[in-house]
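Remarks on the structure that follows.
Residues take their numbers from the sequence shown, with the count starting at 1.
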Amino acid sequence: MKIIPTGMVGCLLVALTACASTGGVSSSGTTSAPSPDTHAATELTSCGLPLRVTSSPRRAISMEQNATEIMLTLGLADRMAGTAYRTDPVLDELKRDYDKVPVLAAQYPGREALLAAAPDFVYSMRASAYAPDAGGTRQDLAGLGVPAYLSFNDCEDRALIPASVSFDAIFAEIGDIAKIFAVEERGQRVVADQRRRLDAAKTAADTGKEVKLMWYYSGTKTPAIAGRGGLPDTISTLLGAENAFSDITRQWAESDWETIVERDPDVIVLADLTRGGDGDSAETKKAFLRSDPVASKLTAVKNDRFIIVPGSAMDPSIKSVSAVEQVSKGLQDLDG
């Protein structure tokens, strides 16, 4: 079974990401952030590196969409000098604010383009944004007086990535960004709303029935499926279900249909992607599953037991709770 490196879902191939995204995210109030202030310096550790922000950023840059949507949900559009790497349609409730922010590059801006925007803070949920041939390393940016934050789930040092994704870690990251921008109260409201929705989805899915899920991200000949430790594995456990491939020791891996048929999952969770690759959209996946001589033997395929989730929602982000809600509702609908 081929391993896909952690943090590559939603970015399996840097040149081919364009996933679909839907789902509700509460903006928890007005979309305008307070004017920047000169609050005391914020000191954090981000993926093993010290990060010091001396005042609330006024010219922040988000390097990819999940970081962008966290910032927009916190009402920070007016504090952003640029964004990049939009892989999905922006959430409807964030589109107006998104349109205010300059787009620096279709994918990652290079170091020169990044610095030309005169950033005072950079944020990404992908280590690849800080590659030397992308925006430059975080150490390099810090040396230029530009603090750079990296999400907990994709550290450059893979040993620092937690063994499993937790919602507490996602909420803590939202809190970090809120603290850096001195919008802690806004951050607390966003997290409180996410926790409320998370608890409601968990309660609604608690049917007492055992169900085995397979999370199918992309590909047909060698399908990418969720293993242990990633967000799909966490959601499965949270909803009282079993990840059929939790014995795979990495978050994502490529499998084969003979192995999948042996496991015969009860339900297949389909990532819906818009990038147009092999087995990307949910409907393309369904068509393949029903026509392939091996995959069509799966009980879930025969009984049309599918749940559809936007591909980007399978990564830790502001949309993660939406993924829980969608799977919870899907399980309820399937079990009647």
Side-chain angles (χ1 to χ4, degrees), residues 5-21 46-47 49 51 53 57-74 76-92 94-151 153-156 173 177 180-181 218 273-277 280 310-319:
T6 301
M8 292 301 287
V9 168
C11 196
L12 284 173
L13 295 175
V14 170
L16 290 177
T17 44
C19 314
S21 173
S46 172
C47 272
L49 294 180
L51 182 145
V53 182
R58 292 170 167 81
R59 297 190 55 81
I61 291 175
S62 59
M63 294 290 274
E64 48 75 47
Q65 185 168 350
N66 282 345
T68 300
E69 291 188 331
I70 285 178
M71 293 187 68
L72 294 179
T73 300
L74 291 171
L76 299 172
D78 295 338
R79 312 267 286 274
M80 298 175 69
T83 184
Y85 220 141
R86 192 192 78 176
T87 56
D88 308 349
V90 174
L91 290 167
D92 289 343
L94 300 178
K95 189 177 185 307
R96 177 180 294 182
D97 281 349
Y98 177 83
D99 289 343
K100 298 177 184 178
V101 184
V103 177
L104 302 183
Q107 295 183 10
Y108 296 131
R111 184 175 183 273
E112 289 185 7
L114 178 67
L115 295 178
D120 55 5
F121 179 75
V122 182
Y123 175 30
S124 180
M125 301 184 84
R126 299 277 179 214
S128 51
Y130 299 121
D133 59 351
T137 67
R138 292 192 291 146
Q139 296 93 327
D140 177 44
L141 290 170
L144 296 173
V146 183
Y149 188 103
L150 178 59
S151 175
N153 194 53
D154 199 30
C155 299
E156 299 99 340
E173 182 162 325
I177 302 303
I180 287 167
F181 285 86
S218 67
L273 308 172
T274 63
R275 66 191 183 187
D280 273 354
S312 60
M314 292 186 182
D315 279 328
S317 72
I318 201 72
K319 298 185 291 290

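Side chains of Ile70 and Ser317 form no contact here, defined as non-hydrogen atoms less than 4.5 Å apart. At least one side-chain heavy atom of Phe181 sits less than 4.5 Å from a side-chain heavy atom of Met71. Here the side chains of Ile318 and Asn66 are not in contact, with every heavy-atom distance at 4.5 Å or above. In this structure the side chain of Tyr98 reaches within 4.5 angstrom of the side chain of Thr68, judged on heavy atoms. A 4.5 Å side-chain heavy-atom check between Leu150 and Tyr130 finds at least one atom pair inside the cut-off.
Glu69 places no side-chain N or O within donor-acceptor distance of the main-chain N or O of Val90, the cut-off being under 3.5 Å. Checking side-chain atoms of Gln139 against main-chain N and O of Ala142 turns up no donor-acceptor pair under 3.5 Å.
Between atom CE of residue Met125 and atom OG of residue Ser62 there is a gap of 11.5 Å, rounded to the nearest 0.5 Å. One finds the CG atom of Leu72 at 13.0 Å from the CZ atom of Arg79 (value rounded to the nearest 0.5 Å). The structure places NZ of Lys100 at 14.5 Å from OG1 of Thr83, a figure rounded to the nearest 0.5 Å. Between the CD atom of Gln65 and the CG atom of Leu94 there is a distance of 9.5 Å, given to the nearest 0.5 Å. Distance CG/Asp133 to OH/Tyr108: 10.5 Å, rounded to 0.5 Å. Going from atom CD1 of Ile61 over to atom CG of Leu141 covers 9.5 Å, rounded to the nearest 0.5 Å.
Taking a cutoff of 4.0 Å between a charged side-chain nitrogen and a carboxylate oxygen, Asp140 and Arg111 qualify as a salt bridge.
Ala127 and Cys155 get closest at one heavy-atom pair: CB-C, 4.3 Å. Contact between Ala81 and Ala117 at its shortest, heavy atoms only, is CB-O, 4.0 Å. Residues Leu104 and Pro109 come closest through the heavy atom pair CB-CB, 4.2 Å. Of all the heavy atoms in Ser151 and Cys47, the pair that sits closest is O-SG, 3.1 Å.
Applying the side chain to side chain donor-acceptor pair (under 3.5 Å) rule to Ser46 yields the partners Arg138; only residues at least two apart in sequence or on another chain are considered. Residues satisfying the salt bridge (Lys or Arg N to Asp or Glu O under 4.0 Å) criterion with Asp99, sequence neighbours excluded, are Lys95. Tyr149 is linked by a ring pair (Phe, Tyr, Trp, His ring centres under 6.0 Å) to Tyr123, counting only residues two or more places apart in sequence or in another chain.
Evaluated for a side chain to side chain contact (heavy atoms under 4.5 Å, CB included) with Arg59, the options Asp120, Val122, Val146 yield exactly one hit, Asp120.
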| query | Would Leu51 and Ile180 satisfy side-chain contact (heavy atoms from CB on, under 4.5 Å), going step by step from the backbone distance to the final call? | reply | CA-CA 10 Å; Leu51 182 145; Ile180 287 167; 4.2 Å; yes
